[in-house]
Visitor: 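Take this structure, written in structure tokens, and hold onto it; I'll ask about it next.
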Amino acid sequence: MGPIVVGGVGGSGTRVVAEILSKFGFYLGNDLNGASDNLLYTLLFKRPRWFYRNFNNSHEISKGINLFYKLMFGHNSPSLPELIFLTRAIGSMSLFGHNLQGGGRGLWFTKRIQRAFAEKHFNSKYIGWGWKEPNSHLLIEHLAEHFTHFKYIHTIRHGLDMAFSKNQQQLYNWGKFYNIKPPKSVSEEPKASLKYWIGANKRVFDLAKKFGENRILIINYDNLCVFPESGVQKLLDFLGLEAEQKAYSEAICLPRVPYSKGRYKLEDISQFDNGDLLCLEKLGFTVE
């Protein structure tokens with residue numbers, strides 16, 4: 001079964017969903033960071049310069065996806081065009097990194113390559129495969145076209161809590177994709193962050209209507225933490241699975257209400273546009 005892909009705006013609970021999938025027996029790759037991000041995907045696709053040049057280039061993106069699949073499982077040798085794609089990804093990452101803080105620059109990629117070409121151990125203990133990398137939401141259309149059995153799980157948290165998060169990588173990397181100008185100062189970040197949150201999540205909601213509820217599942221992470229049993233069951237239903245009791249019991253213990261829930265209540269929300277606050281409510285979140 002797969003791929004099952006987990007994405008969302010950074011800090012929206014994707015890690016917990018990935019951990020739940022692992023409990024149920026999904027292989028998520030052999031090169032993961034502490035947040036369960038698949039770093040091979042990061043190397044190949046979390047490259048703003050490349051993304052803005054190639055978002056509509058299905059041929060180029062397919063090369064990257066084919067390469068990613070082969071390296072995930074150690075199947076076949078990459079073709080020459082795929083090796084060129086990998087070489088360019090390495091060069092781009094070593095020079096520019098994958099965020100404004102320079103993540104991925106220098107020799108970060110060397111471990112990625114070692115893991116990518118290491119022996120893989122996908123065996124009968126796994127019931128399926130996939131990956132978690134928050135930025136995956138940007139390539140949903142391409143992934144859905146490429147993989148017949150592709151399913152995407154998108155996590156979403158209260159937009160105002162996200163607006164005051166310190167994790168604003170996606171805003172700076174992909175804000176231009178949603179016609180959002182980068183903030184000129186830290187004080188302008190929350191307003192721009194909410195606009196990004198609306199743009200990114202609204203796009204996924206629209207794609208869910210396009211591809212159908214059997215291919216895209218949107219999980220309200222705030223609700224998942226309060227009602228883990230129903231949230232995990234919704235996830236199982238989406239995957240068409242019945243979990244063993246031990247795995248289910250462990251899975252429902254993973255979601256926990258984050259300490260940052262409701263942090264926006266301590267902030268000045270008068271800075272936000274009324275239209276954006278209305279969009280927030282249309283996406284399922286109230287302002288208390």
Side-chain angles (χ1 to χ4, degrees), residues 5-17 134-138 140-141 151-183 185-235 237-238 255-288:
V5 180
V6 182
V9 175
S12 59
T14 53
R15 175 185 59 80
V16 170
V17 174
N135 303 277
S136 298
H137 65 85
L138 291 159
I140 289 175
E141 300 103 316
K151 286 180 178 286
Y152 175 74
I153 302 168
H154 187 80
T155 61
I156 182 171
R157 277 186 67 187
H158 198 298
L160 292 181
D161 281 342
M162 299 293 286
F164 292 104
S165 168
K166 292 181 179 180
N167 182 357
Q168 299 296 341
Q169 284 191 36
Q170 287 197 26
L171 166 62
Y172 288 98
N173 279 348
W174 320 119
K176 185 171 70 171
F177 184 63
Y178 299 97
N179 297 313
I180 299 167
K181 296 180 180 179
S185 64
V186 174
S187 64
E188 294 183 359
E189 275 187 357
K191 186 174 180 177
S193 178
L194 180 61
K195 289 183 181 297
Y196 176 80
W197 180 92
I198 291 169
N201 287 302
K202 186 178 182 301
R203 177 171 173 268
V204 175
F205 272 82
D206 291 341
L207 289 172
K209 293 177 182 177
K210 175 182 177 179
F211 289 108
E213 59 183 17
N214 64 322
R215 300 197 80 184
I216 296 180
L217 173 67
I218 298 174
I219 292 182
N220 182 315
Y221 185 67
D222 293 333
N223 289 343
L224 176 65
C225 291
V226 177
F227 307 106
E229 294 88 351
S230 60
V232 170
Q233 187 58 55
K234 185 177 181 181
L235 179 59
D237 292 342
F238 175 69
R256 295 171 180 262
V257 177
Y259 73 90
S260 55
K261 179 177 172 58
R263 63 182 155 199
Y264 76 88
K265 297 176 185 177
L266 302 176
E267 306 287 348
D268 176 16
I269 65 170
S270 65
Q271 63 186 290
F272 299 108
D273 296 337
N274 288 333
D276 290 343
L277 295 177
L278 286 174
C279 286
L280 178 84
E281 294 186 0
K282 288 180 180 179
L283 291 174
F285 296 88
T286 59
V287 180
E288 299 177 6

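These figures come from a predicted structure and were not determined experimentally. We use all heavy atoms of the structure for the numbers below, so side chains are in, but hydrogens, waters and symmetry mates are not. All residue numbers refer to positions in the sequence shown, counting from 1.
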Visitor: In Å, rounded to the nearest 0.5 Å, how long is the span from CD1 of Ile269 to CG of Asp276?
Guide: 12.0 Å
Visitor: Please list, chain by chain and in numerical order, all residues satisfying side-chain hydrogen bond (donor to acceptor under 3.5 Å, both in side chains) with Gln233, sequence neighbours excluded.
Guide: Asp237
Visitor: Would you mind reporting whether Leu160 and Phe272 have side-chain heavy atoms less than 4.5 Å apart?
Guide: yes
Visitor: Treating Asp161 as the side-chain partner and Lys261 as the backbone partner, does any N or O pair qualify as donor plus acceptor under 3.5 Å?
Guide: no
Visitor: Nearest 0.5 Å, what's the CZ-CD1 distance between Phe205 and Ile198?
Guide: 12.0 Å
Visitor: Going by salt bridge (Lys or Arg N to Asp or Glu O under 4.0 Å), name the residues that satisfy it together with Glu188, two or more places apart in sequence or in a different chain.
Guide: none
Visitor: Test of understanding: with salt bridge (Lys or Arg N to Asp or Glu O under 4.0 Å), list the residues that count as partners of Asp222, not counting sequence neighbours.
Guide: Arg157
Visitor: Enumerate, atom names and distances included, each donor-acceptor pair closer than 3.5 Å involving a side-chain atom of residues 172-180, sequence neighbours excluded.
Guide:
{"unit_1": "Tyr172", "atom_1": "OH", "unit_2": "Glu189", "atom_2": "OE2", "d": "2.7"}
{"unit_1": "Asn173", "atom_1": "ND2", "unit_2": "His98", "atom_2": "O", "d": "2.8"}
{"unit_1": "Trp174", "atom_1": "NE1", "unit_2": "Asn135", "atom_2": "OD1", "d": "2.7"}

Visitor: Quick one: OG on Ser230 to CG on Asn223, what's the gap to the nearest 0.5 Å?
Guide: 8.0 Å
Visitor: For the residue pair Ser12 / Thr155, report whether a side-chain donor-acceptor contact shorter than 3.5 Å exists.
Guide: yes
Visitor: I'd like to check the side-chain hydrogen bond (donor to acceptor under 3.5 Å, both in side chains) partners of Arg263; sequence neighbours left out, ordered by chain and number.
Guide: none
Visitor: Report the residues that fulfil salt bridge (Lys or Arg N to Asp or Glu O under 4.0 Å) with Glu213, sequence neighbours left out, ordered by chain and then residue number.
Guide: none
Visitor: What residues, two or more places apart in sequence or in another chain, satisfy salt bridge (Lys or Arg N to Asp or Glu O under 4.0 Å) together with Asp206?
Guide: Lys202
Visitor: Looking at residues at least two apart in the chain, or sitting in another chain, which of them share a side chain to side chain contact (heavy atoms under 4.5 Å, CB included) with Ser193?
Guide: Ala163, Gln168, Leu171
Visitor: Do the side chains of Ser165 and Ser260 get nearer than 4.5 Å, heavy atoms only?
Guide: no
Visitor: Tell me the ring pair (Phe, Tyr, Trp, His ring centres under 6.0 Å) pairs involving residues 207-227, sequence neighbours left out?
Guide: none
Visitor: Flag the pair Ile153 / Val5 as yes when at least one side-chain heavy-atom distance between them is below 4.5 Å, and no otherwise.
Guide: no
Visitor: Side-chain contact test, heavy atoms from C-beta onward, threshold under 4.5 Å: evaluate it for Ile156 versus Val9 and give yes or no.
Guide: no
Visitor: Quick one: OH on Tyr152 to CG on Leu217, what's the gap to the nearest 0.5 Å?
Guide: 10.5 Å
Visitor: Does some side-chain heavy atom of Val17 sit less than 4.5 Å from a side-chain heavy atom of Arg15?
Guide: no
Visitor: To the nearest 0.5 Å, how far apart are CG in Leu207 and CZ in Arg215?
Guide: 11.5 Å
Visitor: Looking only at non-hydrogen atoms, find the nearest pair between Leu224 and Val232 and report the distance.
Guide: CD1-N, 4.0 Å
Visitor: For Glu141, is there an ion pair with Arg203 - N to carboxylate O distance below 4.0 angstrom?
Guide: yes
Visitor: Mind checking what makes side-chain hydrogen bond (donor to acceptor under 3.5 Å, both in side chains) contact with Asp273, not counting sequence neighbours?
Guide: Lys191, Lys195
Visitor: Distance-only criterion, 3.5 Å: show the donor-acceptor pairs between side-chain atoms of residues 280-288 and protein atoms not counting sequence neighbours.
Guide:
{"unit_1": "Glu288", "atom_1": "OE1", "unit_2": "Lys265", "atom_2": "NZ", "d": "2.7"}

Visitor: With heavy-atom distances below 4.5 Å as the criterion, would you say the side chains of Lys210 and Ile216 are in contact?
Guide: no
Visitor: Suppose we screen for side-chain hydrogen bond (donor to acceptor under 3.5 Å, both in side chains). Which residues come up paired with His137, at least two apart in sequence or across chains?
Guide: Gln170
Visitor: Of all heavy-atom pairs between Gly8 and Thr14, which one has the smallest distance, and what is that distance?
Guide: N-CG2, 3.9 Å
Visitor: Tell me whether Asp268 at atom CG has more than 12 heavy atoms from other residues, nucleotides or ligands lying less than 6.0 Å away.
Guide: yes
Visitor: Kindly indicate, with the supporting measurements, whether the criterion side-chain hydrogen bond (donor to acceptor under 3.5 Å, both in side chains) is fulfilled by Asn201 and His154.
Guide: CA-CA 9 Å; Asn201 287 302; His154 187 80; 2.7 Å; yes
Visitor: Is the shortest side-chain heavy-atom distance between Cys225 and Arg256 below 4.5 Å?
Guide: no
